[in-house]
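The structure appears below as structure tokens.
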Amino acid sequence: MLPLWRNMSKEPKNPVANPLVVLREEFDQWAVLFNPDTAAAVGINPVGVAIWKLLDGQHSLDEIAKTVRDSFSDVPEDSFGDMKAFVSDLASKGFVGYRLDE
Amino acid sequence: MKTPRRVDIEITSRCNLRCRYCYFFDNPDSEYGDLPAAEWLKFIEELGNCSVMTVCLLGGEPFIRNDLPQIIEGIVKNRMRFSILTNGGLIDDDTAAFLKKTGRCDGIQVSVDGSTAETHDSCRGEGSFEAAMHGIHLLRSHGLPVTVRVTLHRKNVKQIDNIARFLLEEVGLPMFSTNAAGYLGACKSSASDILLSTAERREAMLTLKRLSDAYPSRITALAGPLADARFWLRMEEARSKSSPPFPNGGRLTGCGCSFENIAVRSDGSYIPCNLLPHLALGRINRDPLGEVWIENEILNALRGRSRIRLSDCEFCSDCDYIPYCTGNCPAIAYGMTGKIDQPGPDACLRHFLAEGGDLGDLLKHDLSAEADNHAE
């Protein structure tokens, strides 16, 4: 049965937003991610919001990075590492998991 | 902020008690009727869609509703957390177990006004102390986060030492919060029996300041004598040194609630705050929350209070504390003056001093505590 959401994975594939997490979009396109189970909250900027909306398990991190770079004129070409670190940080907090292979 | 982060819902207008200073009852503008659970659940779904983070359930007495678990399940299902304000008397073991099982409870605040039944029941009614303590015991036995609020009034103001010792040492609570009965709701009809006199207030400030130093970080206050003592000492120090104005000083900035929260009366009317029940902003399930939050003129006028300068308010004329003052709670201001766009006289330092109050003993205590800290 796919997609499965896990916050840990033996074979990480495409990142998936934890469906429990609430995206609170504020003014100026900034937002807060809120996990009601843990009460943890993280503030994210407009680029972070764009990444979050692509964490649907259908896109690889490479694809997400390309889409985000194409959408924001001020995101540098070599920002993949930063985006990967951002998603990893969210994963460590339980906001993001990885789709598993069957 | 496109929608409120927190919504305070008066989930019922019924209560098993009739506390003499309850802000909720005897408001001529309130309609005391309950909505069916289905109406609340529909609204709670809207809250979830609006990304509201937390719901505070109050009343009346929330636990008087038999369908409260159904309503809380709606909150959980819609990805929110919750807290509850209660007198504690209707909580049973099953209820406590249910609350724990949700995993979403931020806190349950139980009102306790004394260390004995005689003191607590004096304003809350016979048997209410025992019932509250039983409720606290059940909640804690299930590992729920319990907080206690002590409301000070003329019948318990001499008991503050005993109350602190009881709650922090005998009951073993990590902390408790304090405020004082205000000129709101049911209190208005017996204010002279309830509200602290200037002398009692001065005594309460000194006692609470001493206790809060003796029990560091275990006694809190957002309003009332302890909050006044802390803030007024800062104001007096700043005035005596002609310090620069405080960041929010000199304007009506005393309340930021309307920037983050909204409330709903038990009849389903939106209001800015539970202490301002006369300011109906619309109705749930008819007026979308997002529209009310952004567009309602009353709500925006309330937010605009922060632009009103105290120097333009007649009450503050020639006051030396203006640069350090925030004008206090708008609800108390309305209760006492009938005006929302004016400072509240209740937490006014100049007014307190003019009524015969003084900060002398507090200042001495503060200096002596500071000296003790340096000596250590």
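Here is how names work: the chains are called A, B, and so on, in the same order as the sequence lines, proteins then strands, and each is numbered from 1.
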With a sphere of 6.0 Å drawn around NZ of B:Lys101, does it hold more than 12 non-hydrogen atoms of other residues, nucleotides or ligands?
no

Would you please test B:Arg79 and A:Phe34 for side chain to side chain contact (heavy atoms under 4.5 Å, CB included) and show each step?
CA-CA 9 Å; B:Arg79 302 190 298 173; A:Phe34 172 62; over 6 Å; no

So for B:Ile75, is it side chain, backbone, both, or neither that comes closer than 4.5 Å to the heavy atoms of chain A?
neither

Tell me, yes or no, whether the heavy-atom count around B:Asn66 atom CG, taken from other residues, nucleotides or ligands under 6.0 Å, exceeds 12.
no

State, to 0.1 Å, how close B:Lys2 and A:Glu25 come at their nearest heavy-atom pair, and which atoms those are.
CD-O, 3.5 Å

With a 6.0 Å cut-off (strictly less than), is the heavy-atom count around CZ of B:Arg307, excluding the residue itself, greater than 12?
no

Engaged part of B:Met80 at the chain A interface, taking heavy atoms whose separation is under 4.5 Å
backbone

Report the option among A:Asn35, A:Val21, A:Asp28, A:Val32 that has the most heavy-atom pairs separated by less than 4.5 Å from atoms of chain B.
A:Val21

Under 4.5 Å to a heavy atom of chain A? For B:Thr3 that would be both

Please report the closest heavy-atom contact between B:Ser51 and A:Leu23, naming both atoms and the distance.
OG-O, 3.2 Å

Would you say A:Glu63 has more than 12 foreign heavy atoms packed within less than 6.0 Å of its CD?
yes

Show the nearest heavy-atom pair for residues B:Arg5 and A:Glu26, with the distance to one decimal.
NH2-OE2, 3.7 Å

